[in-house]
2 protein chains.
Amino acid sequence: MGNDARRPTLRDIADRVGVSEAAASFALNGKPGVSEATRQRVLQAASELNWAPHHAARALTGAGTATVGLVIARSAQDVGSELFFHRLMTGMQAVLSRRRYALLLQVVDSVDEEIDVYHMWKREHRVDGVVLVDLRRDDPRPEAVAELGLPALIAGGPDPAGVVPSVSIDDAAAMASIMRHLKETGHERIAYLSGPIALLHVHRRVESFLRASADLGIADCRSHATDFSAGAGDTATTSALLGDPRPTALIYDNEVLAVAGVGAIRRMSLRIPEDVAVVVWEDTPVCTVLQPALTALRRDAAGFGADVAERLLQVLAGEKVADFEERVPTLVPRASTVGEPPVCAD
Amino acid sequence: MGNDARRPTLRDIADRVGVSEAAASFALNGKPGVSEATRQRVLQAASELNWAPHHAARALTGAGTATVGLVIARSAQDVGSELFFHRLMTGMQAVLSRRRYALLLQVVDSVDEEIDVYHMWKREHRVDGVVLVDLRRDDPRPEAVAELGLPALIAGGPDPAGVVPSVSIDDAAAMASIMRHLKETGHERIAYLSGPIALLHVHRRVESFLRASADLGIADCRSHATDFSAGAGDTATTSALLGDPRPTALIYDNEVLAVAGVGAIRRMSLRIPEDVAVVVWEDTPVCTVLQPALTALRRDAAGFGADVAERLLQVLAGEKVADFEERVPTLVPRASTVGEPPVCAD
DNA sequence: CTGTTAGCGCGTTCAT
DNA sequence: ATGAACGCGCTAACAG
């Protein structure tokens with residue numbers, strides 16, 4: 001039997017202490033207007049009664065909802081990015097929980113539906129703000145939330161339109177570090193198996209790839225867009241390796257592409273790293289246990305999420321928040337590029 | 001500039017139509033007490049004004065919060081189960097969104113903290129119900145939520161105490177199908193590299209493993225508990241294979257263990273499947289692209305989540321909900337047990 | 001300064 | 001179909 005014994009209310013506390021509800025409210029919120037003695041008695045009573053403010057009542061009086069929203073459009077759902085995504089979310093939560101904020105999650109099928117959700121949330125006062133993920137080129141979302149007056153922060157920006165602040169990862173620097181590593185290990189023909197260029201971060205990576213190629217004087221650099229699927233990883237790898245001259249290094253945009261690619265490479269009887277070196281843009285447990293272990297770019301998804309949450313809370317507090325860039329992900333060299341025995345896992 | 005032009009309220013609609021708020025409320029909620037003509041005019045006005053009920057106001061009057069909570073204790077966070085978890089959540093959301101429910105997420109470090117969160121949520125009226133995941137043996141959570149009177153549903157039961165309804169996956173049948181497959185492919189010495197037995201589902205799997213071993217007359221079956229980490233997968237595999245006589249088949253509880261295990265197997269210069277067959281309890285993209293591809297148990301995590309959400313909503317509607325068991329996961333045989341050329345991905 | 005009263009916020013519900 | 005009270009906490013205005 002659940003104890004549905006009526007929850008204590010402010011009224012109960014006030015009665016018990018023998019003051020008005022207003023006095024109790026002041027005491028509980030640390031506002032002036034009550035003596036220290038009274039304040040203590042109220043606090044005491046509140047904790048004895050195990051009281052907590054009714055969330056809805058609070059929200060009704062204009063305090064926020066202590067909730068931030070996150071909408072996942074199903075495209076952000078491809079197997080390759082699920083892990084990153086999950087870590088981003090839990091990283092956000094680590095910060096939000098500490099501040100007693102909750103995360104409201106919604107899954108939709110399209111960007112249009114996503115915007116509909118923002119409208120709903122705004123009208124119903126369900127969230128104080130939202131986090132935008134997986135930005136595309138010409139993405140309508142920043143404009144939409146700005147127009148709605150829905151506080152927002154972009155995870156993975158910056159916003160080209162500049163209307164919504166963002167926390168982003170320095171894709172250019174990350175790509176540069178990969179290219180530098182490949183240059184140092186003697187590669188002059190590199191192929192980049194990217195995700196769909198419609199994604200802003202993919203687009204930026206491709207640009208950085210070409211820029212790095214120019215900067216480092218690596219003449220033969222080509223990028224091949226995929227839809228992030230294993231099938232695409234397989235075909236793209238095959239066609240890249242059929243190029244003449246054949247690339248000597250392949251950069252994969254995520255784990256799934258990479259693992260599929262490794263399969264394709266093997267099928268062509270090429271050796272890693274002797275014939276082709278491999279780098280993956282995301283370090284996962286799989287990278288360390290494959291033979292050979294894969295050189296990978298390690299990002300701190302949880303830390304990223306924490307920063308995102310932190311900044312969003314600043315936005316909610318009414319502070320001006322500038323675009324922020326995470327520190328550059330580190331490249332973890334392993335046997336797939338350096339050819340030495342695999343670094344021990346952990 | 002965000003349009004903070006005051007949200008329309010019931011008052012606005014009532015005024016515009018020229019009726020009382022009460023009448024408007026009845027009309028909007030499809031309750032009797034208004035003429036059909038009035039109802040239409042109210043509906044019309046509401047949509048013109050783009051009105052939606054203030055969520056907090058609704059919740060305040062006793063209607064629920066249209067929110068279900070999910071707490072992730074960090075242990076449920078080990079890399080091996082993140083993917084399953086993420087899919088469970090999105091599967092839940094698919095159902096919840098459709099019914100306009102939101103998912104409230106919280107990340108904590110321990111079961112105790114998790115229970116604290118339930119207390120908070122209850123006191124603050126923040127959620128209508130919760131989903132319990134990752135049940136342990138002697139888990140205090142079902143009792144706790146029952147005592148709190150917090151509607152709940154267990155994802156991955158059944159609840160040994162029987163106080164909270166559950167949706168569960170038939171681990172016994174799944175294990176039986178794996179064992180049958182191994183028996184058919186000629187194995188008589190099998191090792192099961194499991195997760196921590198403190199977890200209820202792991203415990204059940206181990207039991208089923210031993211039962212299946214007896215049922216099928218496979219004499220030499222041993223289980224080795226791990227903490228799900230890659231390191232543990234490596235050591236456990238090594239020590240299992242050092243047994244005399246050596247097992248001819250290994251069952252891994254998740255992807256990380258399996259991939260680590262494959263590494264250890266290779267290090268011992270054993271061939272898969274000629275010397276050791278490998279089965280993984282979770283089909284992931286990695287299983288299909290490894291060489292050889294790994295035989296794996298395919299579960300529908302998203303469907304599982306959908307069922308969980310569905311049943312929880314029934315609980316919230318006050319219906320009695322019986323324990324429910326998902327259809328048995330299917331074993332996908334691949335080269336790691338049957339020794340044929342790998343099935344093409346997709 | 002300490003504390004009270006009244007009224008708000010928004011939608012629901014009960015007598016009338 | 002209406003006015004009024006209610007749910008719960010916050011806060012402006014007011015009194016001791």
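Order of the sequence lines fixes the chain letters, A, B, ..., with proteins taken first and strands second; residue numbering starts at 1 for each chain. For clarity, every value in this text was computed on a predicted model and none was experimentally measured. Because only heavy atoms are used, hydrogens play no part in the values below, and waters and symmetry mates are left out as well, while side chains stay in.
For the helix from C/dC1-D/dG16 to C/dT16-D/dA1, the end axes, each set by the C1' atoms of five terminal pairs, are bent relative to each other by 50° (nearest 10°).
Phosphate contact (OP1/OP2 of D/dC10, side-chain N/O of A/N29, threshold under 4.0 Å): present. In this model, the phosphate group of C/dT13 is approached by a side-chain N or O of B/K31 to a distance below 4.0 Å at OP1 or OP2.
Between the side chains of B/R126 and A/T67, at least one donor N or O sits under 3.5 Å from an acceptor N or O. B/E310 and B/Q314 share no side-chain donor-acceptor pair at under 3.5 Å. There is no side-chain donor-acceptor pair under 3.5 Å between B/D159 and B/S166.
Comparing B/R41 and A/S25 along DNA chain D, the residue whose closest nucleotide (by nearest heavy atom) sits nearer the 5' end is B/R41.
Rounded to an integer number of Å, the gap from CZ of A/R11 to C1' of D/dC10 is 14 Å. Between A/L28 atom CG and D/dT11 atom C1' there is a gap of 15 Å when expressed in whole angstrom units. Remark: C1' of D/dG9 and CG of A/D12 are 13 Å apart, rounded to the nearest angstrom. Atom pair A/E36:CD and C/dG3:C1' shows a separation of 15 Å (rounding to whole Å applied).
Heavy-atom contacts from other residues, nucleotides or ligands closer than 6.0 Å to NE2 of A/H119 number 12 or fewer.
B/R74 and A/A94 make their closest contact through NH2-CB, 4.0 Å (heavy atoms, listed as atom of the first residue, atom of the second, distance).
Listed by first then second residue, pairs satisfying ring pair (Phe, Tyr, Trp, His ring centres under 6.0 Å) with a partner in residues 135-161 of chain A number zero, not counting sequence neighbours.
Geometrically, A/R299 engages A/F84 in a cation-pi contact defined by less than 6.0 Å to the ring centre and at most 45° from the axis. For the pair A/R311 and A/F324, the cation sits on the ring face: its NZ or CZ lies under 6.0 Å from the ring centre, inside 45° of the axis.
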Between the protein and nucleotides 2-8 of chain D, list the N/O to N/O atom pairs that are separated by less than 3.5 angstrom.
{"residue": "D/dT2", "atom": "OP2", "partner": "B/S20", "partner atom": "N", "Å": "3.0"}
{"residue": "D/dT2", "atom": "OP2", "partner": "B/S20", "partner atom": "OG", "Å": "3.0"}

